[in-house]
Every structure is written in C-alpha cells, then in structure tokens.
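What follows is one structure encoded as structure tokens, with my remarks underneath.
Sequence positions, counted from 1, serve as the residue numbers for this chain.
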Amino acid sequence: MQQKISLKLTPSEASNDAILTSYIAASLSINENQVTGFYKLKESIDARSRHQIWFNITLQVFVDEPFLHRNIQQVQFNNLTASSKSVIIIGAGPAGLFAALKLLELGIKPIIIERGKNVRDRRRDLAAMNKEGITNPESNYCFGEGGAGTYSDGKLYTRSNKRGNIDRILNLFVQFGADEKILYQAHPHIGTNKLPQIITAMRDYILDCGGNIFFNKKLVDFAISKNNITTITTQDGDVFQSNAVILATGHSARDIYELLHEKNILIEAKPFALGVRIEHPQIIIDECQYNLRPFFSQGDKIKQSIERGQFLPPASYSLIEQVNGRGVFSFCMCPGGIIAPAATNENELVVNGWSPSKRNNPFANSGMVVTVELDDAIKELKANHLGLEKSIYSPLALMNFQQQIEQKAFRLGGGKLVAPAQRVVDFCEGKKSSNLPNCSYLPGINSCRMDEILPSFIHQSLQKGIKAFGKRMKGYYTNDAIVVATESRTSSPVRIPRNSDNLQHPQIKNLYPCAEGAGYAGGIVSAAMDGERVAEMIATTILN
Ligand SMILES: Cc1cc2nc3c(=O)[nH]c(=O)nc-3n(C[C@H](O)[C@H](O)[C@H](O)COP(=O)(O)OP(=O)(O)OC[C@H]3O[C@@H](n4cnc5c(N)ncnc54)[C@H](O)[C@@H]3O)c2cc1C
C-alpha cells in the first residue's frame, strides 16, 4: 500500500529519517517495521510563530510493499543527424538550451549560436572581473554558455503559475544532474558551484543528439526577404540558414536591440526596475526571520547572537512596498551569498548576486529596486541634457537611461569595477558614510553618496521603502548593512513584440522573439519555459 501523508515537525525532527519513520507509523497507526520507505513530495518552512519554527512535509509512504524510488521522468530526445528541418537559436541561455532540447524531442535540429565562451573558459573572464576589475564584453556573468543562468544563484522558483511546465523544467534539471531536492522544496535552489556541470551535461546531450552549438560566434546581422529572415551573419563572417530563428539573447544584449532598431524592425520601450543591492550580515536576517533573540553579555556591552543551528537554512526574505504609487521591492535575494559584478561593457557598473549550493557565506544580499516607467526615463534624459535627443523618444529610451546610470556608477566608484557603496542608515538619511563594513563584493567598494548616481525618484523611493521594511523586519534597518550600486539588469528595458497566436514577430514570419531579452520571461525557469513554448510553436509551423 502507498499513502500520502503530511506532517508538521521541528527542524531537527524533519532531518532525521528514524524520527520521520516513527511519526509516519504513529500517524498511520501501524508498526515502524511496516514502513518500507518514503520520499518527500513537498517541504516548506513555516517561521511565522514566535516560539517554534516548523517544517511542513508531505511524504509518499510505502507500507508492506517494496519501496520504489521516486519516478523521475526521463525525457527522450531524438537523434537527428538526418533531420531536414533546422532552427537557429541565438543565445545559449536557459531559453536557448531548453528550446534546443524541446526541438530535439520534436525531431528538429537546433543550431545554437552563442557569442560567449563555454562554461570552463568563461571562468577565467569572471576571475578577471573579480580580481582585476576587467570586463570582457563577450564573456562575463551574462554572456557565455548557459547565459546569465550559469553563474547565477540558481533559484528555481517563479511567479508564473503554469505548474505543469515548471515541474517539467525541474525534472529536466534533475535529469541533467541537479539534486532531487529541487523537486519538492518550496524554494528550490541549485547554487553557482553546481550549475556549470548541469549546463555542460545539457550541451553534451544536445551535441550527441545531432544538434550544433557554436561558441564565440556573435550574431551581427541578418538578411530579410519577403518578410522572412533568409540568412544570419556572425562577427567572423560566417553565414547560417535555417527554417526559423529563435532570438533568445537575454536582457543585456544592447547591440541586438540597436541592430533591430536600425533595421526598422519593431521594438518597444518596456518598463523595468532599477536600484541597488543591499547586503546584511546573514545573522541579522536569520535573527529577523527565525525570531532568534540576541542576548547581551559582559555588562550588556556585547551583543551575542544565537545561531540558527544546523537544521535551518540561512534565512531569506521577500519585501514589497508601494511608495507614492511606485513599487519598491526586493529582487533575487541570495542568502549566504556574494555580490557579483554583472556588467557587460567596459565603463559600466552593474551588480547582481549568487550563492553556492550550501549558502554558507556570512552575508545576505538582495536587489532593492524601484519600478521605472518610460515617462521617468524621458524626463531624466531631458533634464540631464545628455546629447541623446534622438534617442529620448525612441524605443531605446529606457535602455539608454539604464546605461547612463551604470556608467555614472562606474565613474563614481573610481574604475576597475569598484562599486559605490553607502551604509543603509546613512543612505536613508542622505549622509556619506565615513567608513564601510566588510562586503562580499570582490572588486571592492568605495564610499559614495547614492544620490549622485540615482535619479531622485529612485533614490527617494528606496529611502522610504527601506525604512518601511525596517519597521516590518526588526534589525533590517541598520548601519551594519550597506547598499551597493547599481542593480539595473532586473528585466529587459525593451520588448521585442510577437503575435500572441503564433509567437512570430509581427513583421518577420520566421523570427521568434523569446524569453527575458524579448520581455516574455524573468528568471531561469520562466526563460526555460518560454524557450520550450517557442520551440513547440515552431514545430507546429514548420513540420506541417
Ligand atoms: C549573477 C546572476 C544571478 C542570477 N540569479 C538568478 C536566480 O537565482 N534565479 C533566477 O531565476 N534567475 C537568476 N538570474 C537571472 C537569470 O539568469 C536570467 O533570468 C536567465 O538566464 C534569462 O535567460 P535567457 O535565456 O532569456 O537569457 P540569458 O541567460 O541572458 O542568455 C542569453 C544568451 O544570449 C547570448 N547572446 C547575446 N547576444 C548575442 C549575440 N548577438 N549573438 C550570439 N549570442 C548572443 C548571451 O551571451 C547569453 O548567453 C541571475 C542572473 C545573474 C546575472
């Protein structure tokens, strides 16, 4: 017999199989030796009570019958060496890779064109960013095999509610080497140290099945005839042809938006969000979220923190507040993480965050951003007389606005990717910090006033938002935390339109704008789902 049961347990009970077995037996009124095995179907942490943190677990339990391990669906991909239909995919990010896998499943040959390097070679360029402050515009945290997803945090949750598809994406991650935990945890996470092997396994599989992947090949041009792309050209002069083109170049490929605009191919400005990354010692976030009560010793002079212990993961948070009709929200929170330099061009400063699978760094960082509308960008571009009059009203207005702030941050930091930073209370009170605490950001930080970088509507909204979050999370509003500029690549500032019925660009029949760079996804899982969706749509068109 198999039974599904739900239990509410303390963290230490939830991590001990013998104790779990005794609870299962008690709950089913059977003997422990009748339980032949179990696996988790769901696991979430409930830290709402001030007195006790609970793990809510749902289990598949086997009673008086042989235990069968969780059935992980293995998707079968076709070997396509002889396929006559092919699709070019520009970009080997999550969208590009999952589109390629889907095409293989449907019997179509994928040809991936990627401007960056493979995961291994890419590492050297990341080291140069962190150690020497040098940005390679073709190989960085955003560009290269696996896209922005490879050296990301690898959080795999999405607000998208198409649950069926999410499960499929998570299953595929497990098929290519991710830990099975991601299938049952409420907030699944892979970690930067584990993602590269998974991406490499996907690449090997795509190649084994007859797909092609070309690295160090940047799309720089394409030819159009009768509303169809006939050929695409890469920067080294190679020319490729196929039945359809998936454009999955991510939100940082500004040259792609410029290329489309120059060719009079419809693109639109898209609202996005911009701000800073905020970093606290992890222990402060643990205290806030797990209600750990620090105590004082040595005549009440030294605050002693109580650690969360071995059974709880480093705590995270998700915060949102409306300030004067504008959203201020936390974004891509990384418990036990590192702030990373995520620029894609020299002379720009962009920060993001990652964490290893164990999330065992002493800091907790998160984006803290404010929504930006087209009107905001136009006002700022005009007010700053930036000599970009032509672009003020163009679809690239928000992109130019974003770039200018990143360039200002680079200058104020002092070069070599040193980031402007300010203590949190100083930031909210508009004071320059006289010194800065330790920070995980490896290229280094420099004390600056953020109001010299951020437009006032962003700066003031952040000040109010962070103060409000401090009221909600005791200990959050503290000068032991810092803000680091700039968190600017939250989503694409440009949308590449596509028809809702066939996912084709309205002007070019065989061009399929896809995922984050086109404005249809945000994050690894939603980008992967969009890649699959576009691939399925192409199959219905070119196989019929
Ligand atoms: C440091 C960091 C941490 C992150 N953490 C998380 C997280 O924990 N969870 C989460 O869900 N998301 C996270 N993200 C965001 C996530 O990585 C992206 O949402 C996701 O990768 C978008 O997928 P995509 O395939 O649409 O585009 P991308 O991943 O951006 O891939 C686009 C690819 O296209 C290539 N390309 C661009 N232009 C060209 C061209 N002209 N020719 C050829 N190739 C080109 C690029 O090199 C790149 O490889 C993080 C991002 C970063 C940078």
Taking all atoms of both residues into account, what is the closest heavy-atom pair of [X] and [Y], and its distance?
{"X": "P493", "Y": "F272", "result": "CB-CD2, 4.1 Å"}
{"X": "L20", "Y": "L59", "result": "CD2-CD1, 4.3 Å"}
{"X": "I405", "Y": "P455", "result": "CD1-CD, 3.6 Å"}
{"X": "T478", "Y": "V425", "result": "C-CG2, 3.6 Å"}
{"X": "A409", "Y": "A485", "result": "CB-CB, 4.5 Å"}
{"X": "G531", "Y": "C514", "result": "CA-SG, 3.7 Å"}

Can you tell me if [X] has over 12 outside heavy atoms packed within less than 6.0 Å of its [atom1]?
{"X": "K40", "atom1": "NZ", "result": "yes"}
{"X": "N16", "atom1": "CG", "result": "yes"}
{"X": "R124", "atom1": "CZ", "result": "no"}
{"X": "Y184", "atom1": "OH", "result": "yes"}

Are the side chains of [X] and [Y] in touch, meaning some heavy atoms are under 4.5 Å apart?
{"X": "F62", "Y": "Q2", "value": "yes"}
{"X": "S355", "Y": "K155", "value": "no"}
{"X": "I169", "Y": "E532", "value": "yes"}
{"X": "L398", "Y": "Q402", "value": "no"}
{"X": "Y157", "Y": "P188", "value": "yes"}
{"X": "Q463", "Y": "Q460", "value": "yes"}
{"X": "F38", "Y": "T21", "value": "yes"}
{"X": "F410", "Y": "L417", "value": "yes"}

Of R122, R120, R123, R203, which is the lone residue that meets salt bridge (charged side-chain N to carboxylate O under 4.0 Å, His left out) with E145?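 Of R122, R120, R123, R203, salt bridge (charged side-chain N to carboxylate O under 4.0 Å, His left out) with E145 is met by R203 alone.
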Enter the distance from [X]:[atom1] to [Y]:[atom2] here, rounded to the nearest 0.5 Å.
{"X": "I339", "Y": "C439", "atom1": "CD1", "atom2": "SG", "answer": "4.5 Å"}
{"X": "F173", "Y": "I190", "atom1": "CZ", "atom2": "CD1", "answer": "5.0 Å"}
{"X": "I524", "Y": "L195", "atom1": "CD1", "atom2": "CG", "answer": "6.0 Å"}
{"X": "Q422", "Y": "N479", "atom1": "CD", "atom2": "CG", "answer": "9.0 Å"}
{"X": "F176", "Y": "I198", "atom1": "CZ", "atom2": "CD1", "answer": "10.5 Å"}
{"X": "N171", "Y": "I166", "atom1": "CG", "atom2": "CD1", "answer": "12.5 Å"}

Kindly state whether the ring of F427 and the ring of Y477 have centres lying under 6.0 angstrom apart. no
Between Y476 and Y317, is the ring centre distance below 6.0 Å? yes
Got a donor-acceptor contact below 3.5 angstrom from the [X] side chain to the [Y] backbone?
{"X": "T36", "Y": "E65", "value": "yes"}
{"X": "E406", "Y": "S488", "value": "no"}
{"X": "T192", "Y": "W354", "value": "no"}
{"X": "H251", "Y": "T490", "value": "no"}
{"X": "D376", "Y": "E373", "value": "yes"}
{"X": "S139", "Y": "G144", "value": "no"}
{"X": "Q34", "Y": "N31", "value": "yes"}
{"X": "Q289", "Y": "A315", "value": "no"}
{"X": "N352", "Y": "A340", "value": "no"}
{"X": "D530", "Y": "A515", "value": "yes"}

For [X], side-chain contact (heavy atoms from CB on, under 4.5 Å) partners two or more places apart:
{"X": "P437", "result": "R423, I482"}
{"X": "A419", "result": "L349, Y441, I445, V484"}
{"X": "A14", "result": "L9, F55, I57"}

Can a donor-acceptor pair be found between the side chains of [X] and [Y] at a distance below 3.5 Å?
{"X": "T344", "Y": "R489", "answer": "yes"}
{"X": "K270", "Y": "S491", "answer": "yes"}
{"X": "S357", "Y": "N193", "answer": "yes"}

By side chain to side chain donor-acceptor pair (under 3.5 Å) - contacts of R70 (at least two apart):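 R70 satisfies side chain to side chain donor-acceptor pair (under 3.5 Å) with E180 once adjacent residues are dropped.
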All side chain to side chain donor-acceptor pair (under 3.5 Å) counterparts of E32, not counting sequence neighbours: none
Electrostatic pair E536-R168, nearest N-O below 4.0 angstrom: no
Tell me whether D46 is salt-bridged to K8, with the criterion being a basic N under 4.0 Å from an acidic carboxylate O. no
Using the side chain to side chain contact (heavy atoms under 4.5 Å, CB included) rule, take L312 and D286 through it: C-alpha gap first, then chi angles, then the decisive distance, then the call. CA-CA 9 Å; L312 284 171; D286 291 346; over 6 Å; no
Tell me whether the guanidinium CZ or amine NZ of R495 lies under 6.0 angstrom from the six-membered ring centre of Y520 and within 45° of its axis. yes
Run M202 and F98 through side chain to side chain contact (heavy atoms under 4.5 Å, CB included) and show every step you take. CA-CA 9 Å; M202 285 184 186; F98 278 80; 3.6 Å; yes
Side chain to side chain contact (heavy atoms under 4.5 Å, CB included) between T10 and Q52, worked out: CA-CA 8 Å; T10 66; Q52 179 62 56; 3.7 Å; yes
By ring-ring contact (aromatic ring centres under 6.0 Å, His included), which residues pair with Y141, not counting sequence neighbours?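 In terms of ring-ring contact (aromatic ring centres under 6.0 Å, His included), with neighbours along the sequence ignored, Y141 is linked to no residue.
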Just do the side chain to side chain contact (heavy atoms under 4.5 Å, CB included) check on I72 and L183 with the steps written out, would you? CA-CA 9 Å; I72 296 172; L183 300 178; 4.3 Å; yes
